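Here the structure is a predicted model, which is why all the values come from computation and not from measurement. By convention here, the first residue in the shown sequence is residue 1.
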Amino acid sequence: MHGLWRPRVLGARRVPASGPVILAVNHSHIIDGPMLMGIAPRPVHFLIKREAFVGPLGPFLRGIGQIEVDRSSADRAAIHRALAVLEGGGVLGIFPEGTRGEGDFASLRSGLAYFAVRSGAPVVPVAVLGSNDRPGRLVRALPALRSRVDVVFGDPFEAGDGSGRRTRKALDEATSRIQRRLTDHLADARRQTGR
């Protein structure tokens with residue numbers, strides 16, 4: 001990542017040095033996940049759509065610990081692997097919007113709340129800014145070479161209400177809490193970086 005672009009990393013010390021943690025990352029460009037894998041202070045296991053595991057990329061992604069997920073249904077195997085990452089004290093990366101978009105956390109799926117409440121792992125909000133500011137000249141699908149991409153880590157927080165409940169209502173409430181925290185972090189990250 002440092003060879004192709006100029007990532008500026010802010011707040012990486014906020015990621016707990018050990019124990020389970022969930023990185024909740026906005027997603028507006030294809031390089032957001034690889035950028036985070038390249039600069040995060042700990043190895044990250046992302047939930048990645050099954051469609052990305054094609055050709056030689058499939059064995060590579062599995063080899064570096066990424067988790068293939070079928071988004072068309074509740075993928076029990078992917079859920080089990082993600083929970084195993086957290087139970088083993090690892091870092092799980094999630095794009096809570098479920099797909100690339102505006103990257104503004106406006107519409108969250110309930111998966112992030114489920115993993116956070118079920119595992120008790122703290123959630124660290126992450127804003128990736130600038131990845132879609134300027135397309136490259138040679139490969140327009142990628143940001144311009146040597147352009148700045150800011151990655152801003154926020155303060156960890158607990159998504160649950162402390163009751164340990166995992167009901168539909170508890171997950172909906174957790175999703176609302178998470179969305180407020182992620183939206184606030186994104187606004188703060190934009191202020192910090194001037195983007």
Side-chain angles (χ1 to χ4, degrees), residues 15-16 19-38 40 42-128 131 141 156-161 163-183 186:
V15 177
V21 66
I22 299 171
L23 300 182
V25 187
N26 68 324
H27 196 22
S28 61
H29 198 281
I30 194 169
I31 70 153
D32 296 341
M35 179 65 70
L36 198 62
M37 283 184 242
R42 294 175 58 190
V44 182
H45 304 270
F46 268 101
L47 287 166
I48 300 175
K49 64 182 179 180
R50 171 170 284 154
E51 295 84 356
F53 288 75
V54 295
L57 191 56
F60 171 74
L61 289 172
R62 287 184 203 95
I64 61 172
Q66 304 315 302
I67 301 168
E68 180 178 357
V69 63
D70 181 355
R71 297 179 304 167
S72 67
S73 65
D75 187 337
R76 292 191 181 277
I79 292 168
H80 177 72
R81 287 192 298 274
L83 288 171
V85 165
L86 295 170
E87 289 165 6
V91 180
L92 181 65
I94 296 179
F95 297 115
E97 296 164 296
T99 189
R100 277 194 316 271
E102 294 300 313
D104 58 3
F105 297 122
S107 174
L108 301 190
R109 293 188 172 194
S110 60
L112 172 56
Y114 173 80
F115 288 117
V117 170
R118 170 88 189 261
S119 69
V123 175
V124 173
V126 183
V128 180
S131 56
F157 65 92
E158 300 295 325
D161 62 5
S163 69
R165 293 178 304 129
R166 291 190 246 166
T167 62
R168 179 83 239 157
K169 183 178 179 198
L171 291 178
D172 288 345
E173 290 169 356
T175 299
S176 293
R177 276 191 297 279
I178 290 168
Q179 187 166 28
R180 280 192 302 274
R181 294 293 294 263
L182 297 181
T183 302
L186 184 60

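- Summarising the geometry of A174 relative to A159, their closest heavy-atom pair is CB-O, 3.6 Å, with the distance given to 0.1 Å.
- For the atom pair OH of Y114 and CG of L83, the computed distance is 5.5 Å after rounding to the nearest 0.5 Å.
- The structure places CZ of R177 at 10.5 Å from CD of E158, a figure rounded to the nearest 0.5 Å.
- A 4.5 Å side-chain heavy-atom check between I48 and I67 finds every atom pair outside the cut-off.
- Residues L23 and L92 have side chains not in contact (no heavy-atom distance under 4.5 Å, counting atoms from C-beta outward).
- In this structure, L182 and A24 approach most closely via the heavy-atom pair CD2-CB, 3.8 Å.
- Within the model, atoms CZ of F46 and CD1 of I64 stand 10.5 Å from one another, a figure rounded to the nearest 0.5 Å.
- Counting heavy atoms from C-beta outward, N26 and F95 have side chains that stay 4.5 Å or more apart.
- Counting heavy atoms from C-beta outward, V21 and R42 have side chains that approach closer than 4.5 Å.
- In this structure the side chain of L112 never reaches within 4.5 angstrom of the side chain of T175, judged on heavy atoms.
- Contact check for F53 versus P59: no side-chain heavy atoms found under the 4.5 Å cut-off.
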Checking side chain to side chain contact (heavy atoms under 4.5 Å, CB included) for the pair L86/I22: CA distance, chi angles, key distance, verdict?
CA-CA 8 Å; L86 295 170; I22 299 171; 3.9 Å; yes

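- By the 4.5 Å heavy-atom criterion applied to side chains, E68 and K49 are not counted as neighbours.
- In this structure, H45 and R81 have side chains that are not in contact, with every pair of non-hydrogen atoms separated by 4.5 Å or more.
- A distance of 8.5 Å separates CD1 in I94 from CD1 in I178, rounded to the nearest 0.5 Å.
- Atom CZ of R76 sits about 6.5 Å away from atom CD1 of I79, to the nearest 0.5 Å.
- Among all heavy-atom pairs drawn from V91 and P43, the shortest one is CB-O, 3.3 Å.
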